Amino acid sequence: EISVKMIRRINDEEGIRKLVMDVFQNMWFVPHSKRPSQEDKDLLVTKARNITDVVVACRETGLEWFEQLLDTLFKPKEDKDDATKKNTEASPMLVLACQQIVDCLVESVLRMEESTSEMPSADPMAAVTGKPAGSISASKRLVACLTTLYLFAKIRPQLLVEHVQTLTPYLSVTARSKEDTLIISKVAFTLELTIP
């Protein structure tokens with residue numbers, strides 16, 4: 001809830017925008033070491049889960065805030081006041097952090113599919129985090145993960161290139177519910193951005 005309220009301030013005046021960017025940069029977009037410990041892996045899962053929770057919470061009011069956050073992180077202007085200045089390249093540390101989050105989200109999607117096929121009544125994220133997930137159902141959590149992946153693909157499709165084959169089978173999901181339709185559409189939009 002706090003993250004959602006803060007992320008909505010991304011378009012405020014420069015001082016507040018900088019504060020919001022710093023908070024999210026430090027909270028979500030700091031990479032872990034190349035050989036992460038179990039604690040690092042758990043922290044990454046928690047981070048990915050927090051991001052998907054924010055995406056779920058923002059879905060009713062619109063995801064443009066989250067998109068704006070990613071866009072500002074990845075395409076910082078040399079000088080915000082000068083429109084003629086070109087975008088500078090995102091830092092390698094930011095790209096690495098986002099790659100780790102995307103990899104974790106894809107792994108979560110796979111684990112959700114595994115756990116729902118084995119135990120339909122169980123919460124799939126509990127298998128990933130070791131904790132019960134609360135009020136979000138398995139299919140909504142899956143939609144949230146795929147929506148988050150789509151938002152990353154909109155800003156930087158290269159992050160998802162190695163996951164194309166993993167996501168492709170979701171196009172053949174039988175659309176029996178609203179969530180199934182959302183799963184198919186988010187995967188289709190993600191692949192449309194990523195494959196070229």
Side-chain angles (χ1 to χ4, degrees), residues 2-4 6-7 10 20-59 63 65-76 87-115 123-131 133 136 138 140-170 183 186-187 189-191 193-195:
I2 292 169
S3 296
V4 171
M6 282 189 339
I7 213 167
I10 194 79
V20 169
M21 294 302 298
D22 289 347
V23 166
F24 284 105
Q25 177 100 36
N26 293 329
M27 189 166 65
W28 288 346
F29 302 108
V30 175
H32 298 280
S33 64
K34 297 249 190 239
R35 290 191 196 93
S37 65
Q38 187 56 46
E39 189 179 326
D40 285 342
K41 289 177 185 173
D42 293 343
L43 189 63
L44 186 61
V45 169
T46 304
K47 209 185 283 189
R49 187 187 179 105
N50 288 341
I51 293 169
T52 55
D53 285 344
V54 168
V55 168
V56 168
C58 287
R59 208 168 55 202
L63 292 166
W65 310 107
F66 188 75
E67 255 181 80
Q68 180 78 36
L69 172 73
L70 289 175
D71 194 48
T72 308
L73 277 170
F74 273 103
K75 299 171 184 165
N87 289 338
T88 57
E89 186 53 40
S91 80
M93 297 300 272
L94 172 68
V95 174
L96 176 61
C98 289
Q99 187 66 63
Q100 289 173 344
I101 291 167
V102 165
D103 294 347
C104 183
L105 286 168
V106 171
E107 194 176 307
S108 297
V109 166
L110 292 173
R111 287 197 185 162
M112 277 184 240
E113 183 182 17
E114 239 173 62
S115 63
D123 177 6
M125 277 310 273
V128 180
T129 61
K131 299 175 195 144
I136 300 174
K140 285 192 175 134
R141 174 77 52 196
L142 182 60
V143 170
C145 279
L146 292 171
T147 303
T148 309
L149 289 170
Y150 166 62
L151 293 170
F152 275 106
K154 277 179 95 171
I155 304 302
R156 193 163 186 109
Q158 301 91 322
L159 294 171
L160 282 118
V161 169
E162 66 187 63
H163 300 295
V164 166
Q165 286 185 314
T166 309
L167 295 174
T168 305
Y170 289 94
I183 288 167
K186 293 302 174 197
V187 170
F189 289 141
T190 303
L191 293 177
L193 292 166
T194 307
I195 289 171

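Numbers for residues simply follow the sequence, beginning at 1. Note that the coordinates shown come from a computational prediction; the quantities given were computed from them, not determined experimentally.
- Residues Tyr170 and Lys186 are not in side-chain contact: their nearest non-hydrogen atoms beyond the backbone lie 4.5 Å or more apart.
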Could you list the donor-acceptor pairs under 3.5 angstrom formed by side chains in residues 93-106, with sequence neighbours left out?
| from | atom 1 | to | atom 2 | distance (Å) |
| --- | --- | --- | --- | --- |
| Gln99 | NE2 | Asp103 | OD1 | 2.9 |
| Gln99 | NE2 | Leu159 | O | 3.0 |
| Gln100 | OE1 | His32 | N | 2.8 |
| Gln100 | NE2 | His32 | O | 3.0 |
| Asp103 | OD1 | His163 | NE2 | 2.6 |

Apply side chain to side chain contact (heavy atoms under 4.5 Å, CB included) to residues Lys47 and Met27 and explain how you reach the verdict. CA-CA 8 Å; Lys47 209 185 283 189; Met27 189 166 65; over 6 Å; no
In residues 146-153, what donor-acceptor pairs under 3.5 Å come from side-chain atoms, sequence neighbours left out?
| from | atom 1 | to | atom 2 | distance (Å) |
| --- | --- | --- | --- | --- |
| Thr147 | OG1 | Val143 | O | 2.7 |
| Thr148 | OG1 | Ala144 | O | 2.7 |

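- Annotation: side-chain contact (heavy atoms from CB on, under 4.5 Å) contacts of Gln38 (sequence neighbours excluded): Lys41, Asp42.
- Summarising the geometry, atom CD1 belonging to Ile51 is positioned 5.0 Å from atom CZ belonging to Phe29; distances are rounded to the nearest 0.5 Å.
- Considering every non-hydrogen atom in both Thr190 and Thr194, the closest pair reads O-OG1, 2.7 Å.
- Note that CG of Leu110 and CG of Leu142 are 10.0 Å apart. Values are rounded to the nearest 0.5 Å.
- The nearest pair of heavy atoms linking Gln25 to Val30 is O-CG2, 3.4 Å.
- In this structure, OG on Ser3 lies 15.0 Å from CH2 on Trp65, to the nearest 0.5 angstrom.
- With rounding to the nearest 0.5 Å, the separation of SG in Cys145 from CD in Glu107 is 11.0 Å.
- In this structure, Met21 and Leu69 have side chains that are in contact, with non-hydrogen atoms separated by less than 4.5 Å.
- For Asn26, there are no side-chain hydrogen bond (donor to acceptor under 3.5 Å, both in side chains) partners, not counting sequence neighbours.
- Between Asp71 and Arg156 there is no salt bridge, since none of the side-chain N atoms of the basic residue sits less than 4.0 Å from a carboxylate O of the acidic one.
- A heavy-atom distance below 4.5 Å is found between the side chains of Leu160 and Leu167.
- Residues satisfying the salt bridge (charged side-chain N to carboxylate O under 4.0 Å, His left out) test with Lys154, not counting sequence neighbours, are Glu67.
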